[in-house]
Amino acid sequence: MSTEALIFSSILVVIPIFISYKDKLNIGKDIIVSVARAIIQLIIVGYLLNFIFGLENPIYTIMLILVMIFIAALNTKKKGDSIENQIVISFVSILIGTSITMTILILSNAIKFKASDVIPVAGMIISNSMVAIILSYRNLNTSFKERKEAVEVKLSLGADIKEASRDIIRESIKLSIMPTIDSAKTLGIVSLPGMMTGLILGGTSPIVAVKFQIMVTFMILSSASISTMISTYLTYKTFFNKRKQLKDSSKYIL
């Protein structure tokens, strides 16, 4: 794609900005800021990846992936969250989910252990795991506030904190993974995913592109599930104090 074509395609961004201005949606500024950030970030990442790809040094590749995981963990911390050690929990969860998934992909020879293969795939794994974890945290915060009495009744009847929280844990894991599952259900029917579309546009056979997309679907489902389960089981305990009582519910957010 030429630079001129890319600049011309920016006209597409003007459409939602115009609609926002016309209907007074007040999202025009957010759209401009998000697009500007995306452009700057992508340009920086483009030059950085070009540099790392040229080095072909596994140490730099691993370091970049760790930085990506750390940034994703930071992004799971939303303003007002009261979860203790949230960033640490997110980092460990995403790291484990990513490590397991990447190890299987490399050992199965689905991808090669080189920067040009590992970094893009790791990026997809990390971003989807991050989104799933954020959804889990949101439901945990909401559920422990709304079901405070039900949890305390179970505790008063002798249940431990895990048993008292079981329904909330299951619901949080399920709700965080369902968007990924629902997305997988419509692949090839409603949408042609980005990776598959990119390969086809690049001249790759549609059959080969489909194989890669199936691999991507497997890895996203796996990593999102593993990361969410780990983070949820590590997080629910933070809603209780040392006496195994629910903490002040006023600290929880919706």
Side-chain angles (χ1 to χ4, degrees), residues 41-42 44-76 87-136 173 176-177 179-181 183-185 187-188 191-234:
Q41 290 168 182
L42 287 172
I44 294 173
V45 169
Y47 280 105
L48 179 61
L49 291 179
N50 190 53
F51 173 73
I52 293 177
F53 289 174
L55 294 175
E56 284 295 345
N57 190 322
I59 295 178
Y60 291 110
T61 301
I62 294 173
M63 287 177 60
L64 180 58
I65 292 174
L66 290 175
V67 170
M68 293 164 63
I69 294 174
F70 179 69
I71 294 174
L74 284 177
N75 199 48
T76 63
I87 296 176
V88 175
I89 291 174
S90 298
F91 182 85
V92 171
S93 302
I94 298 175
L95 177 62
I96 294 174
T98 302
S99 299
I100 292 174
T101 306
M102 292 298 295
T103 299
I104 293 174
L105 291 177
I106 293 171
L107 291 178
S108 65
N109 207 31
I111 61 173
K112 298 183 182 300
F113 187 70
K114 58 181 183 178
S116 57
D117 283 6
V118 171
I119 293 175
V121 171
M124 288 186 282
I125 291 173
I126 294 168
S127 62
N128 281 276
S129 298
M130 176 191 70
V131 172
I133 288 174
I134 290 174
L135 291 175
S136 176
I173 294 174
S176 62
I177 299 176
T180 304
I181 296 174
S183 177
K185 291 178 181 178
L187 289 179
S191 65
L192 293 179
M195 185 175 187
M196 180 177 171
T197 302
L199 289 171
I200 293 174
L201 290 175
T204 304
S205 165
I207 302 301
V208 175
V210 165
K211 291 180 180 179
F212 273 99
Q213 189 56 54
I214 291 173
M215 178 197 74
V216 170
T217 302
F218 290 162
M219 73 184 194
I220 289 176
L221 280 171
S222 172
S223 59
S225 300
I226 294 171
S227 299
T228 303
M229 289 178 184
I230 293 173
S231 63
T232 303
Y233 276 103
L234 290 176

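The basis for the numbers below is simple: all heavy atoms, side chains too, and nothing from hydrogens, waters or symmetry mates.
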Exactly one of Ile94, Leu64, Leu74, Val92 clears side chain to side chain contact (heavy atoms under 4.5 Å, CB included) with Ile69, and that residue is Ile94
What distance do Ile96 atom CD1 and Phe91 atom CZ have between them, rounded to the nearest 0.5 Å?
10.5 Å
What side-chain donor-acceptor pairs closer than 3.5 Å can you find for residues 107-116, not counting sequence neighbours?
from: Ser108; atom 1: OG; to: Ile104; atom 2: O; distance (Å): 2.8
from: Ser108; atom 1: OG; to: Leu105; atom 2: O; distance (Å): 3.0

For the atom pair CD1 (Ile230) and CD1 (Ile100), what is the distance rounded to the nearest 0.5 Å?
6.0 Å
Considering all heavy atoms of both residues, which atom of Ser225 and which atom of Leu221 are nearest to each other, and what is their separation?
OG-O, 2.7 Å
To the nearest 0.5 Å, tell me how far Ile134 CD1 sits from Ser231 OG.
10.5 Å
Would you say the side chain of Val121 lies within less than 4.5 Å of the side chain of Asp117, judging by non-hydrogen atoms?
no
With Ser90, which residues qualify under side-chain hydrogen bond (donor to acceptor under 3.5 Å, both in side chains), at least two apart?
Thr76, Tyr137
Residue pair Ile71 / Ile126, side-chain heavy-atom distance below 4.5 Å
no
Closest heavy-atom contact between Ser176 and Ala132?
CB-O, 3.0 Å
Work out which heavy atom in Thr228 is nearest to a heavy atom in Ile173; give both atom names and the distance.
CG2-CA, 4.2 Å
Excluding sequence neighbours, so at least two apart, what forms side-chain hydrogen bond (donor to acceptor under 3.5 Å, both in side chains) with Thr232?
Ser136
For Ala224, does its backbone N or O pair with a side-chain atom of Ser227 as donor and acceptor, under 3.5 Å?
no
Does any part of the side chain of Ile220, heavy atoms only, come nearer than 4.5 Å to the side chain of Thr101, both counted from C-beta?
no
Closest contact, heavy atoms only, Ile119 versus Met68
O-CE, 4.1 Å
With heavy-atom distances below 4.5 Å as the criterion, would you say the side chains of Met63 and Val67 are in contact?
no
Closest heavy-atom contact between Thr103 and Ser99?
OG1-O, 2.6 Å
Give, for atom CE of Met102 and atom CD1 of Ile62, the distance between the pair rounded to the nearest 0.5 Å.
10.0 Å
Between Met130 and Ile133, does the side chain to side chain contact (heavy atoms under 4.5 Å, CB included) criterion hold? Intermediate values first, please.
CA-CA 5 Å; Met130 176 191 70; Ile133 288 174; 5.9 Å; no
Using every non-hydrogen atom in the two residues, find where Ile65 and Val118 come nearest and quote the distance to one decimal.
CD1-CG1, 3.3 Å
